[in-house]
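Written below as structure tokens is the structure these notes are about.
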There are 2 protein chains.
Amino acid sequence: MTDSRLNQIVSKIKKMGYSLTPQRVEIIKIVSESKSHPSAAEVYNKIKESYPMVSLNTVYKNLSMLSSLHEVKEIKTMQNSVHYDGDVSLHGHAICENCGKIIDVQINEPDFKKFFENKIKGRLTENYHINNYGVEFYGLCDYCYTADPAVSET
Amino acid sequence: MTDSRLNQIVSKIKKMGYSLTPQRVEIIKIVSESKSHPSAAEVYNKIKESYPMVSLNTVYKNLSMLSSLHEVKEIKTMQNSVHYDGDVSLHGHAICENCGKIIDVQINEPDFKKFFENKIKGRLTENYHINNYGVEFYGLCDYCYTADPAVSET
DNA sequence: ATCTATATAGTATTTATTATTATATAATAA
DNA sequence: TTATTATATAATAATAAATACTATATAGAT
């Protein structure tokens with residue numbers, strides 16, 4: 001991750017009155033540098049390489065905090081677990097319904113944002129106060145599609 | 001729900017080799033007629049009014065089967081539980097990050113579909129085989145926004 | 001009406017996540 | 001730099017949603 005991105009998150013954390021711990025910084029780095037949208041358990045396994053004593057609870061607490069600061073995005077998969085994305089810029093996800101693999105879908109072109117906000121936000125039937133939105137595609141990744149014929153017929 | 005919609009689901013179930021049980025039909029009706037996007041537990045509570053002996057397992061199995069047939073849609077909330085939507089037509093959801101309330105966002109205008117399929121599908125970096133897509137808005141419902149100042153500041 | 005495979009009910013188990021609590025440590029000020 | 005205090009952490013226990021197991025019941029086919 002870039003220094004400026006790290007600094008941005010760090011200053012937000014300080015501004016909100018949270019303190020900076022090595023574990024916290026490492027969790028931020030892991031999530032921000034990963035392209036695989038890891039789950040809490042995967043972050044936990046990764047951080048144990050550098051901080052073997054870290055607890056899963058700490059990972060959960062930190063990811064949850066980062067999410068509340070809108071510095072990571074939560075993604076829910078078919079497998080009923082939450083995955084985390086350190087890229088909070090406007091983009092979508094394609095999620096494999098079989099293995100849960102998540103890939104990014106780049107959609108941050110200006111016309112998308114414009115379309116989204118003009119056409120869609122106005123369609124809320126109740127007065128929701130939206131602070132984020134996302135697009136998700138569901139299907140099968142190429143591996144599951146070709147590897148398991150039974151799955152691809154569903 | 002309309003008879004034709006029920007017949008459509010029933011014939012798909014038969015075609016796929018599943019059998020028709022009263023519990024199954026009732027679960028279909030409950031999910032299709034509900035506007036509140038119930039969880040499995042809520043469907044379970046509802047079906048017990050007419051079939052008191054039904055098990056939660058049966059509810060899960062049936063909802064999961066209907067989902068694999070793409071006759072109900074799964075919605076994942078912040079609270080980490082799965083909710084079900086019997087309306088599988090193209091529309092989005094606004095989800096309250098505090099209480100989990102889900103409302104529909106009508107987006108099934110032709111230009112949306114066109115935009116979505118032209119602009120977005122082509123942006124997949126891997127060969128995913130998409131069979132569904134959705135739009136989700138995250139924020140606070142009006143009740144949570146006005147009722148709990150602490151929550152709305154996050 | 002009988003047969004067979006699937007569905008169900010009831011229970012046990014698993015898995016992800018959250019709560020609790022005592023200790024350790026970051027941030028702050030003397 | 002040290003002392004203080006509040007927050008963070010580690011370790012463990014608890015919770016809740018979903019799944020697995022198994023014996024029985026029943027839908028659909030013959």
Side-chain angles (χ1 to χ4, degrees), chain A residues 9-28 30 37-45 47-48 50-69 72 74-84 97-100 102 150, chain B residues 9-28 30-31 37-45 47-69 72 74-84 97-100:
Chain A
I9 299 178
V10 162
S11 62
K12 193 178 218 172
I13 285 173
K14 290 191 166 176
K15 192 178 128 200
M16 300 301 284
Y18 299 112
S19 51
L20 265 186
T21 65
Q23 294 94 326
R24 180 158 289 171
V25 174
E26 186 65 15
I27 288 167
I28 293 170
I30 288 171
H37 310 88
S39 65
E42 285 160 349
V43 173
Y44 174 65
N45 287 330
I47 199 176
K48 281 208 290 189
S50 40
Y51 297 84
M53 79 302 297
V54 88
S55 79
L56 187 52
N57 195 324
T58 298
V59 174
Y60 272 109
K61 281 229 158 111
N62 276 286
L63 290 173
S64 158
M65 187 261 276
L66 290 167
S67 173
S68 78
L69 299 183
V72 307
E74 296 186 340
I75 314 166
K76 282 138 208 97
T77 70
M78 294 295 134
Q79 284 70 29
N80 245 80
S81 60
V82 180
H83 287 243
Y84 295 88
E97 291 180 294
N98 187 238
C99 71
I102 302 166
Chain B
I9 299 177
V10 163
S11 61
K12 192 179 217 171
I13 285 173
K14 290 192 165 174
K15 191 179 129 199
M16 300 299 285
Y18 299 111
S19 51
L20 266 186
T21 64
Q23 293 95 325
R24 181 158 289 172
V25 173
E26 186 65 15
I27 287 168
I28 293 170
I30 287 171
V31 183
H37 311 88
S39 67
E42 286 160 347
V43 173
Y44 174 64
N45 288 330
I47 199 176
K48 282 207 290 191
E49 292 172 11
S50 40
Y51 296 83
M53 80 303 297
V54 88
S55 79
L56 188 52
N57 198 328
T58 299
V59 174
Y60 272 111
K61 281 229 158 112
N62 276 286
L63 290 173
S64 159
M65 187 260 276
L66 290 168
S67 174
S68 77
L69 298 183
V72 307
E74 294 186 341
I75 313 166
K76 282 137 208 95
T77 70
M78 293 298 134
Q79 285 70 30
N80 245 82
S81 60
V82 181
H83 288 243
Y84 295 89
E97 291 180 293
N98 186 238
C99 71

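Protein chains get the first letters and strands the later ones, always in sequence-line order, with residue 1 at the start of each.
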Residue B/Val82, side-chain heavy atoms: nucleotide from C/dT8, C/dA27, D/dA18 that is nearest: D/dA18
Of B/Pro52 and A/Ala40, whose closest DNA chain C nucleotide lies nearer the 5' terminus? B/Pro52
Nearest-Å distance for atom pair NZ/C1', residues B/Lys48 and C/dG10: 13 Å
Would you check, one step at a time, whether the test side-chain hydrogen bond (donor to acceptor under 3.5 Å, both in side chains) holds for A/Ser55 with A/Thr58? CA-CA 5 Å; A/Ser55 79; A/Thr58 298; 3.1 Å; yes
What nucleotide, of D/dA18, C/dA9, D/dA27, holds the atom closest to the side chain of B/Gln23? C/dA9
D/dA17, C/dT8, D/dA8: which one has an atom nearest the side-chain heavy atoms of A/Arg24? D/dA8
Which pair of non-hydrogen atoms, one from B/Tyr84 and one from B/Ser39, has the smallest distance, and what is that distance? CD1-C, 4.3 Å
Between D/dA10, C/dA26, D/dA27, which nucleotide gets closest to the side-chain atoms of A/Thr21? C/dA26
Kindly calculate the angle separating the two end axes of the helix from C/dA1-D/dT30 to C/dA30-D/dT1, each obtained from five base pairs, and round it to 10 degrees. 40°
Is there a residue in residues 55-67 of chain A whose heavy atoms reach under 4.0 Å of DNA chain D, and which residues are they? A/Ser55, A/Asn57, A/Thr58, A/Asn62
Can you see which heavy atom on B/Val72 is nearest to which on B/Val31, and at what distance? CG1-CG1, 3.9 Å
Determine whether B/Arg24 and B/Glu26 satisfy the following criterion, salt bridge (charged side-chain N to carboxylate O under 4.0 Å, His left out), listing intermediate values before the conclusion. CA-CA 5 Å; B/Arg24 181 158 289 172; B/Glu26 186 65 15; over 6 Å; no
Quick note, side-chain hydrogen bond (donor to acceptor under 3.5 Å, both in side chains) partners involving residues 12-23 of chain A, not counting sequence neighbours, are A/Lys12-A/Glu71
